[in-house]
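Report on the following structure.
What you see is a predicted model; the values in this text were computed from it and never measured. Whatever order the structure lists them in is the order used to number ligands and atoms, beginning at 1.
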Amino acid sequence: MEQYIIKGGNALKGEVNIAGAKNAALGILAGAMLTDETVIIENLPDVSDINAFIQAMQSIGCMVEHIDRNTIRVNAIAIDTTEVSESQMRKIRASYYMIGALTGKYHRSRVVLPGGCKIGTRPIDQHIKGFRALGATVDVKGGIVSTEADKLKGTDIYLDVVSVGATINIMLAAVLAEGKTIIENAAKEPHVVDIANFLNSMGANIKGAGTDTIRIRGVEKLHGTTYSVIPDQIEAGTFMFASAITGGNVLIKNVIPKHLESISAKLIEMGCEVYEYDDSVRVVSNGRLRKTNIKTLPYPGFPTDMQPQGAIALSMAEGTSIVTESIFENRFKYVDELTRMGAQVKVEGNVAIIEGVEKLSGANISAPDLRAGAALVIAALAAEGFSTIEDIHYIERGYEDFPRKLQGLGALIEKVTEEKEVRKFKLRVG
Ligand code: UD1
């Protein structure tokens, strides 16, 4: 019965350090398999999605050793199969990066179809279109994607939807292809840029990452490197909203403020003060938030992975707000749980209409997915009384030491495994 027990009502205060970006790290791990030389990856977040991906790498013979908690040494020379049947892979979305990396290096792969959060249908047709355009045959049968090619040849690929996963996957497959690949309508997210920078540090020739046209000139071989993953934009944004919603004053450290601009802009519209420094941001709130509207969009727009945190803050803001989800079709599953805490939210299709209430009250709730789970934790931190959050394994997929970091800011939260610990917590915090 692993769960978080929370007593809400404390304004968060202090400093918090942000971990490396999970979604960048997943692509970097896959990219590290493109060379037989040793790659050192620093600032790797210690979260279950990363650990599942590492296990899958090890299951095909890739050597991965921890130098310390957040640094690993990878060597792919001993990979002896391109079949990834690891059951772990079904749980994480980024299992699809195995397809790009293995097809790029070995011209074949057999990988179980990706899992991840159930926030929409999440097709991978654009990834497949890219691999086919590069010259691979791709077959999807019985939940397994198989690819095969004599050789990969650079080409022009236009993405019909702006897809982070397809952009990264095509980069992974194309860096060792013959000739030039151009990805049009590419995703511009910070982790696309980070993975391109990482691959370039291994000797790849990728230009234009961060714009909607990425140009890749294939090289024969990649070499080893030491690379530090960028800070996690979404973890940082989650703490920014946690400060806002609890009337807090939190310095969020080890971030790239530029990546947080759409989030900072919304917090300012909601009445918070946001101070940007070189590698940190401070969010100060008096706890009385104002209504605003949020629409999720590809970067540099407001991230879909911050939509639940934004909506939860607006559920306690003065006035009526509208939140439009334009990336995934099933991303309001947390609204039922939020309603049980006293929020007034009506969902119509991809739009949530939120009537702000003055206070939420604690409740026993479950995390429906990774980001909504984290958002419900911050709702509970602002709510009156006790809450328990179940299914925290979703949250642990993407947040390193979430309860410990929140405790460091004065939150009353604990991870418990037995009923008796719940009672102890309640006695202790009163
Ligand atoms: C990644 C992130 C996820 C984030 C999302 C959007 C990882 C591991 N996950 O997910 O946290 O919420 O970006 O920022 O990095 N689509 C297609 N066909 C495809 C691929 C995507 O139609 O082949 C659609 C999707 O259904 C969705 C949209 O494109 O509507 C964006 O998806 P995409 O950017 O690919 O998201 P993911 O890579 O799955």
Side-chain angles (χ1 to χ4, degrees), residues 20-31 45 47-50 52-53 56 89-101 113-133 138 140 145 157-173 183 185-196 212 229-230 232-235 237-238 259 262-263 295-310 324-333 349-350 368-375 394-395 397-399:
K22 167 183 84 84
N23 288 345
L26 288 164
I28 287 172
L29 286 171
V47 295
S48 65
D49 264 15
I50 294 295
F53 200 89
M89 293 311 273
R90 226 179 274 281
K91 293 188 212 150
I92 60 168
R93 181 78 193 145
S95 55
Y96 50 44
Y97 293 146
M98 283 280 180
I99 312 172
L113 264 179
C117 283
K118 303 277 178 287
I119 53 180
T121 49
R122 309 192 81 169
I124 57 162
D125 57 299
Q126 299 303 305
H127 305 233
I128 292 175
K129 170 173 145 173
F131 301 142
R132 286 194 175 133
V138 185
V140 186
V145 184
I157 301 164
Y158 176 85
L159 295 179
D160 300 324
V161 289
V162 180
S163 161
V164 174
T167 304
I168 292 169
N169 228 343
I170 295 168
M171 285 198 307
L172 289 169
I183 310 174
N185 201 25
K188 298 182 278 214
E189 266 64 5
H191 42 298
V192 172
V193 179
D194 201 39
I195 293 161
D212 39 31
V229 180
I230 50 162
D232 198 302
Q233 174 203 28
I234 307 301
E235 188 197 9
T238 303
H259 295 167
S262 63
I263 298 165
K295 182 173 183 183
T296 63
L297 286 169
Y299 190 82
F302 191 88
T304 172
D305 284 357
M306 285 301 301
Q307 181 262 100
Q309 299 87 319
T324 308
E325 172 55 61
S326 60
I327 311 288
F328 292 111
E329 71 269 26
N330 193 11
R331 219 164 182 178
F332 285 124
K333 278 187 302 181
N350 68 336
D369 60 59
L370 164 59
R371 303 304 173 185
Y394 283 117
I395 302 170
R397 285 184 38 206
Y399 290 86

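Using a 4.0 Å cut-off between heavy atoms, H127 contacts ligand 1 through both its backbone and its side chain. Contacts between V161 and ligand 1, counted as non-hydrogen atom pairs separated by less than 4.0 Å, involve the side chain only. Looking at F53 against ligand 1, nothing comes within 4.0 Å, counting heavy atoms.
Using a non-hydrogen distance threshold of 4.0 Å, A187 does not register as a contact of ligand 1. At a 4.0 Å cut-off, not a single heavy atom of E325 sits close enough to ligand 1 to count as contact. For Y299, the closest heavy-atom approach to ligand 1 does not fall below 4.0 Å. At a 4.0 Å cut-off, at least one heavy atom of V162 sits close enough to ligand 1 to count as contact.
The ligand atoms of ligand 1 that sit less than 4.0 angstrom from a heavy atom of Q126 are 18 (N), 19 (C), 23 (O). Remark: ligand 1 atoms within the under-4.0 Å shell around heavy atoms of I124 are 19 (C), 23 (O). Heavy-atom contacts of R331 reach the following atoms of ligand 1: 12 (O) (cutoff under 4.0 Å). Proximity to G165 (heavy-atom distance under 4.0 Å) selects the following atoms of ligand 1: 35 (O), 38 (O).
Considering G398, A166, P123 only, the shortest heavy-atom separation from atom 20 (C) of ligand 1 involves P123. For atom 34 (O) of ligand 1, the candidate residues are D160, N23, V164; the nearest heavy-atom contact is made by V164. Compare T296, V192, D305, L26 by their heavy atoms: the one nearest to atom 4 (C) of ligand 1 is in D305.
With hydrogens and angles ignored, the 3.5 Å screen pairs no side-chain donor or acceptor of Q126 with any backbone N or O of A166. Between the side chain of R331 and the backbone N or O of Q307, no donor-acceptor pair lies under 3.5 Å. Checked by atom type and distance alone, the side chain of R371 never pairs as donor or acceptor with a backbone atom of P308 at under 3.5 Å. Put simply, the side chain of D194 gets close to the backbone of I230: a donor and an acceptor are under 3.5 Å apart. Looking at N169, its side chain does come within 3.5 Å of a backbone N or O of G100 through a donor-acceptor pair. A donor-acceptor pair under 3.5 Å links the side-chain atoms of E189 to the main chain of Y299, judged by distance alone. Within the 3.5 Å criterion, the main-chain N or O of I327 finds a donor-acceptor partner in the side chain of E325. N185 contributes a side-chain N or O that, together with a main-chain N or O of L159, makes up a donor-acceptor pair within less than 3.5 Å.
Between K22 and ligand 1, no pair of N/O atoms sits closer than 3.5 Å. Where the criterion is an N or O separation shorter than 3.5 Å, residue side chain and backbone included, I327 meets it with respect to ligand 1. At a 3.5 angstrom cut-off on N or O pairs, T304 does not count as close to ligand 1.
Applying the salt bridge (charged side-chain N to carboxylate O under 4.0 Å, His left out) test to D125 and every residue at least two apart in sequence or in another chain returns nothing.
Salt bridge D232/K22: absent, no basic N to carboxylate O contact under 4.0 Å.
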